[in-house]
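Here the structure comes first, spelled out in structure tokens, and everything after it is commentary.
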Amino acid sequence: MERQILRVSLSDGNIRQEEIPARVCRDFIGGRPLAARYLYGEGTAGVDPLGPENILIFVAGPLAGSGARGVNRWLVVTKSPLSGGFFRSVGGSDFGAWLHGAGYEMLLLTGRAEEPVYLYLGPRGRVELRPARDLWGKGTGDTRAELRWRHGQGARVACIGPAGENLVRYASIISDHSTAARGGVGTVMGAKRLKALVVEAEPDVPVARQDLWSRILVRQEELVERRDHRAPVPGALKGAILPTRNFQGAWKADIDPVDLPRLLERKGPEFQTYWALGANPGHLDPDLVTMANERCNDLGLDTVSTGGSIAFAYELQQRGLLQAEGFDLGWERPEATMELIRMIAYRAGIGDLLAEGVDRMAAYIGSGAREYAMTIKGIEMPGYDPRVRPLHGLGMVVSALGGSYCYGKALHAGLFAADREGEDLVGQVSRIQETTVALETGVGCLFAYLGGWLSLEQMAEMMTAVTGTEVTPEDLKGAAERSLTMERAFNLREGLGREADTLPERFLREGVEAGEITAGPLTELPRLVTAYYRRRGWDEEGRPTPATLDRLSLELVRLDQPREFKVAFSRELTK
């Protein structure tokens, strides 16, 4: 079965289709590993993430649109404008199914359009870049409505809002009620003047072995009916330990928003958004957080980085390091959060500084501001305190993605459970990351895996049936290991080495104590990082050894091109 890439040069409008080579399919399977291979292999070291040379990849897995459940997620892979390193962001809904159904597993976008455009994928292989000047400036809701009026209500749309257009460093991409939010993927899309992707061709994915496929689907439906209802619910807050006031303290949540009917009706936020736009800035009003989430989604902002940037600004004012003329940045002011979201998206007033993200804010302000920057590799941290949850802390530190909760969640420990006993942290983190990337070859849903109806064994069998090529769970894990190593090589090439594999000083120097929540500083982090490197087959500096590269057949990886990563601003900022 032929597997296709669509290459689009936004600079000159050149569009061409090509087949993915058989060996690449064999070694990288699909999804995240496949995209990592192309980003590393075709990217140039040192390119500006917001420049035309940066590559933006949309990728669906080989199973998307096939009729199986839990495998229709899609990824956006690029060089992050926040970290300057490898990043992938995950989107939900059925956009991945429609993208693959249009005939492509991957869209590889380069260049920059002279005027705003959107990419249209229509029936019978029709592909066009169309003008989008009239859509520029619209929110994501109005953009989707207009494009569906033009192309039919059944068309699928992934688009950016004003935040992406204005190069807010942490802009997101929205498709229906799902976002590919983290790392600034929407910012890269805005820098390329690409407003949206529209897919009008309905999914029609051929299956190589129909008899096997029919049995697999019947079996999956049986497992769905018997699924583990105890699997973590994304929106649940009950019992979660929430860092607050920019990680100065912690709360133990005593509400469960998923049980509030009014929020269910509005498709209320998930856990990380409740934390980022509520507890972190110092309040937790579920209705207000829901409104803030809706505003972020329409403007095209990552809620986690938005909340992190706001909380950072609040602490800087608390410490006497930042003042906003005519605006109170004090804690426990929910209405201020709502106004700052708008100001960030349009780079208005103090929002112009917050739009750069926490690391660039700290570099601009100086005067010790770095001490309060809660980031890992330039990515604003999610709602896990590494002192309380060392499993999450170590996982983010050694991940190429930095401060993203999508590095590979604690699959076996549960989102809010204590770290798994009887196994060292390094072993848990290594296994969790490999499992996560193996799922993302599909692209499989984490919660389907947790619910017991999408194991790696099932995914391998599905891939065998759809592609006609034998795929085993060991093949998936091999592709995952190649991806993790290549992502590391990408970061090394961009100047993100061992010195970037650490936590903010607050977690290494200070403990946390809030009622029954008590934890000391994570002083063992350097030893744990070294042990993780050894587990991966990397040297003391985190460089994959020649033996590891040979074992994984990664001949294209070069480790002799280190670069120094420097903070740069999207535009000239004035005090």
Side-chain angles (χ1 to χ4, degrees), residues 1-7 17-42 57-75 77 96-108 125 203-220 223 434-445 448-449 453-486 551-556:
M1 179 179 117
E2 291 186 357
R3 297 169 60 183
Q4 302 292 328
I5 295 173
L6 187 69
R7 292 180 179 270
Q17 179 178 308
E18 71 179 46
E19 186 178 350
I20 305 171
R23 180 183 171 182
V24 173
C25 291
R26 184 185 72 240
D27 288 349
F28 296 91
I29 309 293
R32 176 170 168 181
L34 186 66
R37 188 260 180 230
Y38 275 86
L39 184 68
Y40 180 93
E42 302 198 3
I57 297 174
F58 286 76
V59 61
L63 303 177
S66 61
R69 297 174 64 172
V71 292
N72 292 314
R73 298 180 76 78
W74 48 285
L75 307 175
V77 176
W98 282 60
L99 174 60
H100 192 205
Y104 309 105
E105 277 189 42
M106 191 161 74
L107 304 181
L108 199 152
D204 181 20
V205 176
V207 173
R209 296 180 55 183
Q210 191 62 55
D211 56 337
L212 175 59
W213 186 243
S214 298
R215 294 196 298 271
I216 290 172
L217 292 188
V218 170
R219 175 60 176 160
Q220 189 183 46
L223 291 170
E434 288 172 7
T435 302
T436 301
V437 181
L439 279 170
E440 291 181 357
T441 60
V443 176
C445 175
Y449 175 91
W453 47 278
L454 187 64
S455 66
L456 293 185
E457 290 74 17
Q458 290 168 294
M459 181 173 283
E461 192 176 26
M462 288 178 180
M463 291 204 180
T464 298
V466 170
T467 66
T469 301
E470 186 71 25
V471 177
T472 68
E474 289 69 31
D475 293 330
L476 299 181
K477 293 174 183 176
E481 193 173 357
R482 288 185 184 91
S483 186
L484 290 165
T485 301
M486 190 159 287
R551 177 174 61 83
L552 297 175
S553 300
L554 292 177
E555 297 90 351
L556 77 163

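In this text, all values refer to a predicted model and were calculated from it rather than measured experimentally.
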Any chance you could measure [X], atom [atom1], to [Y], atom [atom2], to the nearest 0.5 Å?
| X | Y | atom1 | atom2 | result |
| --- | --- | --- | --- | --- |
| Glu440 | Cys445 | CD | SG | 10.5 Å |
| Thr485 | Tyr40 | OG1 | OH | 11.5 Å |
| Met486 | Leu39 | CE | CG | 10.0 Å |
| Arg7 | Ile57 | CZ | CD1 | 9.0 Å |
| Ile20 | Arg3 | CD1 | CZ | 5.5 Å |

Is there side-chain contact between [X] and [Y], with heavy atoms separated by less than 4.5 Å?
| X | Y | result |
| --- | --- | --- |
| Tyr38 | Ile5 | yes |
| Thr472 | Asp475 | yes |
| Glu19 | Gln4 | yes |
| Leu34 | Ile29 | no |
| Asp27 | Arg37 | no |
| Arg482 | Leu554 | yes |
| Met462 | Ser66 | no |
| Gln17 | Tyr104 | yes |

Using only atom types and a distance under 3.5 Å, with no angle test, would you say the side chain of [X] pairs donor to acceptor with the backbone of [Y]?
| X | Y | result |
| --- | --- | --- |
| Gln220 | Arg69 | yes |
| Thr464 | Val471 | yes |
| Glu481 | Lys477 | no |

Where is the tightest heavy-atom contact between [X] and [Y], given as atom of each residue plus distance?
| X | Y | result |
| --- | --- | --- |
| Pro473 | Leu456 | CG-O, 4.3 Å |
| Pro62 | Thr467 | CB-CG2, 4.4 Å |
| Asn72 | Ala97 | OD1-CB, 3.6 Å |
| Ala60 | Val443 | C-CG2, 4.3 Å |
| Val437 | Pro33 | CG1-CG, 4.0 Å |
| Val77 | Ala35 | CG2-CB, 3.7 Å |

Inset, instruction - Show your working on side-chain contact (heavy atoms from CB on, under 4.5 Å) between Glu555 and Ser553 and close with a plain yes or no. - result: CA-CA 6 Å; Glu555 297 90 351; Ser553 300; 4.1 Å; yes

Inset, instruction - May I have the step-by-step check of side-chain contact (heavy atoms from CB on, under 4.5 Å) for Gln458 and Ile216, ending in yes or no? - result: CA-CA 8 Å; Gln458 290 168 294; Ile216 290 172; over 6 Å; no

Inset, instruction - May I have the step-by-step check of salt bridge (Lys or Arg N to Asp or Glu O under 4.0 Å) for Glu461 and Arg219, ending in yes or no? - result: CA-CA 12 Å; Glu461 192 176 26; Arg219 175 60 176 160; over 6 Å; no

Inset, instruction - Name all residues meeting the side chain to side chain donor-acceptor pair (under 3.5 Å) criterion together with Ser483; count only those two or more places apart in sequence or in a different chain, and write none if there are none. - result: Glu487

